[in-house]
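Just so you know, these numbers use all the heavy atoms, side chains as well, and skip hydrogens, waters and symmetry mates.
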Amino acid sequence: MAARDDNENKIQPLARPGIYLGRMVIFLILVGFLAFILFKQITPAFLANPGLNGLILGVLLIAVLIAFGQVFRLYREVSYVNAVASGGQAKKPPALLAPMVPMIAARKTGTLLPGTSGYLDTIAARLDEDREILRYIAGILILLGLLGTFWGLIDTLSAVGGVIKGMRGGGDAGVMFDELKSGLAVPLSGIGLAFSASLFGLASSLITGFLELQASQAHARFHNELQDWLLSGALAAETEGAAAIRPAAGSQDLKEAIERLTAIVSEGGGGRAATLAMTNLAEGIQGLVQHMRAEQQMIRDWVEAQASRERELKQVLDRLGRERV
């Protein structure tokens, strides 16, 4: 037990989500560099509809802040679990892990409390719910882009209709064509810029999707490492407990039979004595095998009992959730 605690003091069970923050920062730097290169082409498109395009960029900024916040919040959970695992002074538990404080504390003694798997599933569901806002924002950005496109098309068609109505009839065909060409110059020159909102909306949705992907991977890694750490503690305790149990009758008989056989061979005993010693050895091996099978059956019964309690707890939680709804 002491050796296992020393290893836990040196190795932290949960890794910090710094790698995902690094990916997010590098991706945003690349996007900013690309925008700087295409600045001359992007500026006219933005000025075609600055109000709606500014709204899209503002929503994108909110999505970036939310994505970083969802990854940053994991630092508190990771620090708390690592502090408990190392035996240090743990601060106030964060809101996400508050229901699992007894399970995390019992991990140090190698105990797996009933309902641990149910609480782990609840944490995974809460993390997934937190990311729903990013998925919703990605859809909103696409809809804002389409709104700008239809808005621009309506303005363009209205301008074309006005030009056609203002044309004078009965004149020279060449003069009428020149008037039509000059009248359509303004609306047709702006029809390309009418799609600028879709350009900004799709690009912003792409950025939001990548940030949501990194937040999802960070949450999945945190959940998996927490689950592995809790379950490994119970498994290690079971292994140490089995090793610390006093040798059973079968193993003791096996040891005595081997000692007698060794003594007979060293003394050059007769064949009958050697045969008797071999018989005792076989009986000792058989008893040891039976004892091992009994221990395996006890472990299987314990695992089935734990699974049954977890299913019952999950049913109770589901029933409470339905009653609240």
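Between Y20 and L211 the shortest side-chain heavy-atom distance does not fall below 4.5 Å.
Minimum heavy-atom separation, L14 to V78: O-CG1, 3.7 Å. Of all heavy-atom pairs between Y75 and P17, the closest is CE1-CG, 3.8 Å. Taking both residues in full, the closest heavy atoms of L134 and E212 are given as CB-CG, 3.7 Å, listed atom of the first, atom of the second, then distance.
Note: the hydrophobic cluster containing L141 does not contain L61 (ILVMFWY, side chain heavy atoms under 4.5 Å, direct or indirect links). In this structure, L127 is not a member of the same hydrophobic cluster as L213, with clusters built from ILVMFWY side-chain heavy atoms closer than 4.5 Å. In the hydrophobic cluster analysis, where Ile, Leu, Val, Met, Phe, Trp and Tyr join through side-chain heavy atoms closer than 4.5 angstrom, L55 is grouped together with I66. Hydrophobic clustering (side-chain heavy atoms under 4.5 Å, transitive across Ile, Leu, Val, Met, Phe, Trp, Tyr) groups L28 together with L21. In the hydrophobic clustering of this structure, F36 does not group with L38; members are Ile, Leu, Val, Met, Phe, Trp, Tyr whose side-chain heavy atoms approach within less than 4.5 Å, directly or through other members.
The CG atom of L57 sits 9.0 Å away from the CD1 atom of I207 when rounded to the nearest 0.5 Å. Here the straight-line distance linking atom CD1 of I133 with atom OG1 of T208 works out to 11.0 Å at 0.5 Å rounding. Note that CZ of R23 and CD1 of I19 are 4.5 Å apart. Values are rounded to the nearest 0.5 Å. Distance CG/L206 to CG/L60: 10.0 Å, rounded to 0.5 Å. Atom-to-atom distance recorded for H223:NE2 and I123:CD1 is 7.0 Å, nearest 0.5 angstrom. Interatomic distance, CD1 of I56 versus CD1 of I140, reported as 11.0 Å (0.5 Å rounding).
Under the 3.5 Å distance criterion, the side-chain polar atoms of S198 are matched with a main-chain donor or acceptor of G145. Side-chain atoms of D128 do not come within 3.5 Å of backbone N or O of A124 as any donor-acceptor pair. Side chain of S205 to main chain of G201: no donor-acceptor pair is present (N/O by atom type, distance under 3.5 Å, no hydrogens or angles). Checking side-chain atoms of N53 against main-chain N and O of F200 turns up no donor-acceptor pair under 3.5 Å.
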- Determine, stepwise, if the pair F222 / L96 fulfils side-chain contact (heavy atoms from CB on, under 4.5 Å). CA-CA 12 Å; F222 166 76; L96 182 63; 4.1 Å; yes

- Task: Might you work through the salt bridge (charged side-chain N to carboxylate O under 4.0 Å, His left out) test for R135 and E132, ending with a clear yes or no?
- Result: CA-CA 5 Å; R135 303 189 186 105; E132 287 291 337; 2.8 Å; yes

- Message: Set out, in order, the CA-CA distance, both residues' side-chain angles and the distance that settles side-chain contact (heavy atoms from CB on, under 4.5 Å) for Q214 and V71, then state yes or no.
- Response: CA-CA 8 Å; Q214 297 305 311; V71 179; 5.8 Å; no

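Applying the side chain to side chain donor-acceptor pair (under 3.5 Å) test to pairs two or more places apart or on separate chains, those with a residue in residues 59-74 are R73-D130.
R221 is linked by a side-chain hydrogen bond (donor to acceptor under 3.5 Å, both in side chains) to E225, counting only residues two or more places apart in sequence or in another chain. When the ring pair (Phe, Tyr, Trp, His ring centres under 6.0 Å) test is applied to F210, the partners found at least two apart in sequence or on another chain are F27.
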